[in-house]
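The structure appears right after this line, and notes come after that.
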Amino acid sequence: MALAADEPFQRLKRAVIARTGHHYYADKDEVLWDRVQRRLLATRDRDVSAYLKRLSGDDGEAEWAALETEITIGETFFFRYAEQFTALRETILPDILERRAQDKRIRIWSAGCATGAEPYSIAILLSQMLGEAIGEWRISILGGDINAAFLETARKGQFGRWALRAVSDADRAQWFSETARNTWTLKSAYRGLVRFERQNLLDLLGPAPPLELTEFDLILCRNVLIYFHHEVVEQLVGALGSRLAPDGWLLLGHAEPNPAFGKLLDVTQLPGTVAYRPADPERPAQSSPSFEAFAAPEPEPSSQHLAEAPSPRWRPAPIPTPVPSPAPPVADLVESVRRLADAGDYLAAEAACRQALALAPEDPALHLHDGLVLQALGRPGPAEAAFKRALYLDRGFALAHYHLGLLLLDRGRSKAAARSLKTAAQIAGTVPPDTRLAHGAGLDAGQLRKSVRLLLQSLVGV
């Protein structure tokens, strides 16, 4: 199918971009077509023309919701971006609690919340900070997303190991109940602080923006604006700022700061991150952050939107392909892949892996990340092969043994999983417990050994 010349498909693409704001698809016909095909199979429409009629028919809104579910990706995990949660714990939330000490009321909005890990992380953090006094406070944490399926998952509060990868075993036991194998449900004390509703951020720019979205003490809109054209981004940042309380805080994703935002809001530099606040002439001024300091490769959509416009101004260069000039350091290649994966853009991360492995085919860390990306894409067979390639190159790679064991466990191969996990624990036991493991996202040797011990205890007959 020649998608560029197919007029009905191009009409559908324009409609998708105009309605959802997913400008990401402006130059990615094949990716969009792959997702549209799933709806054509589900509806049994013979072609795109018939599908367009369905979208404009009596049941069009329901089908739009189904299509939006297909074209959005909402990978996230608890306490994502440690620097921002440090800023929340040490600066932002203490400021809010102090200012609200009299009326004891807090309003927080997680815009583009996907399956709920972000607002639930805030609920856990506030519960820790307030302790038993939390019952004296009126806390409203709103999670909004365009994807109805994500919201349904979020309301259940059920998460797998991948979403909890930054949570220690002790914290997981404190905050969650294991309700099925490799599935944990957030305890009701935290779930009760959060409510979810379907939202489209573009409504903030419409003729009748939602009246209830106002006076927030904190708005988190992370890894959302990177999918929008820069002109719409600036409008949305201004609209989000107008929804803050006079002393409120706005947090964006690490890849999203733009010098232009300093003209709309006050900039507050915090260790490892930046926050925005409504303009206040009495607040000490700070210079706007450099975009380059936070830039990350362009990700794939998670779960929010944008109006069709020219290509974004901020488009970092892709990972270099082999040329006679010196190749970039392997550590930089691994970091590029990791950042894409952390942003939930697994298709781009996979492509980056292919390019990086062409430059450094014998680097075990790249093969480890390749396996993690393939696993996230739902391709366990190739993921297993990637982990084994990492181990072929480095038999002492504890994280490769560990992730191979987790994958085998998920695939029901308990004995093989136990062998890999035991090997990972043995290797981790050769260094002090507080040693951070390379490519472990903060995991240290002691935590890995404890995790393996608990996993092995759950296995019967191995």
Name of the residue among L126, L193, I219, I139 meeting side-chain contact (heavy atoms from CB on, under 4.5 Å) with I108: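 Exactly one pass, corresponding to L126.
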Contact summary for [X] and [Y], nearest pair of heavy atoms:
X    : Y    : answer
L406 : L421 : N-CD2, 4.2 Å
A400 : L391 : CB-CD2, 3.5 Å
R161 : L409 : NH2-CD2, 4.3 Å
A163 : F77  : O-CB, 3.2 Å
P119 : F196 : CG-CE2, 3.8 Å
A111 : V224 : O-CG2, 3.5 Å

Without swapping roles, check the side chain of [X] against the backbone of [Y] for a donor-acceptor pair under 3.5 Å.
X    : Y    : value
T183 : T179 : no
R222 : L252 : no
D145 : A114 : yes
R107 : T214 : yes
K156 : T185 : no
Y276 : L264 : no
S242 : A239 : yes
S110 : G143 : no
N182 : G160 : no
T423 : R419 : yes

Intermediate values then yes/no, side-chain contact (heavy atoms from CB on, under 4.5 Å), F78 and F159: CA-CA 10 Å; F78 277 76; F159 299 90; 3.7 Å; yes
Side chain proximity check, [X] to [Y], heavy atoms < 4.5 angstrom:
X    : Y    : value
E234 : F261 : yes
L270 : T86  : no
C221 : L201 : yes
P8   : D47  : no
D169 : Q447 : no

Roughly how far, to the nearest 0.5 Å, is [atom2] of [Y] from [atom1] of [X]?
X    : Y    : atom1 : atom2 : result
R389 : L366 : CZ    : CG    : 11.0 Å
Q128 : W175 : CD    : CH2   : 5.0 Å
L164 : D171 : CG    : CG    : 10.5 Å

Near-ring test Y120/W184, centroid separation under 6.0 angstrom: no
Full working for salt bridge (charged side-chain N to carboxylate O under 4.0 Å, His left out) between E384 and K388: CA-CA 6 Å; E384 180 179 342; K388 289 180 176 178; 2.8 Å; yes
Within 45° cone of W109 ring axis and under 6.0 Å: R243 NZ or CZ: no
Atom CZ of R38 with >12 non-hydrogen neighbours under 6.0 angstrom: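 Atom CZ in R38 is packed in, count exceeds 12.
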Atom CD of E362: over 12 foreign heavy atoms under 6.0 Å: no
Chi angles and distances behind the side-chain contact (heavy atoms from CB on, under 4.5 Å) call for L368, Y402: CA-CA 11 Å; L368 171 71; Y402 180 66; over 6 Å; no
Test side-chain contact (heavy atoms from CB on, under 4.5 Å) applied to L377 and L347, step by step: CA-CA 8 Å; L377 287 169; L347 292 175; 4.0 Å; yes
side-chain contact (heavy atoms from CB on, under 4.5 Å) between F85 and I122, intermediate numbers included: CA-CA 9 Å; F85 272 92; I122 297 295; 3.9 Å; yes
Side-chain donor-acceptor contact under 3.5 Å, Q84 with T273: yes
Residues R354, D370; criterion salt bridge (charged side-chain N to carboxylate O under 4.0 Å, His left out); working and verdict: CA-CA 8 Å; R354 301 282 79 75; D370 190 26; 2.5 Å; yes
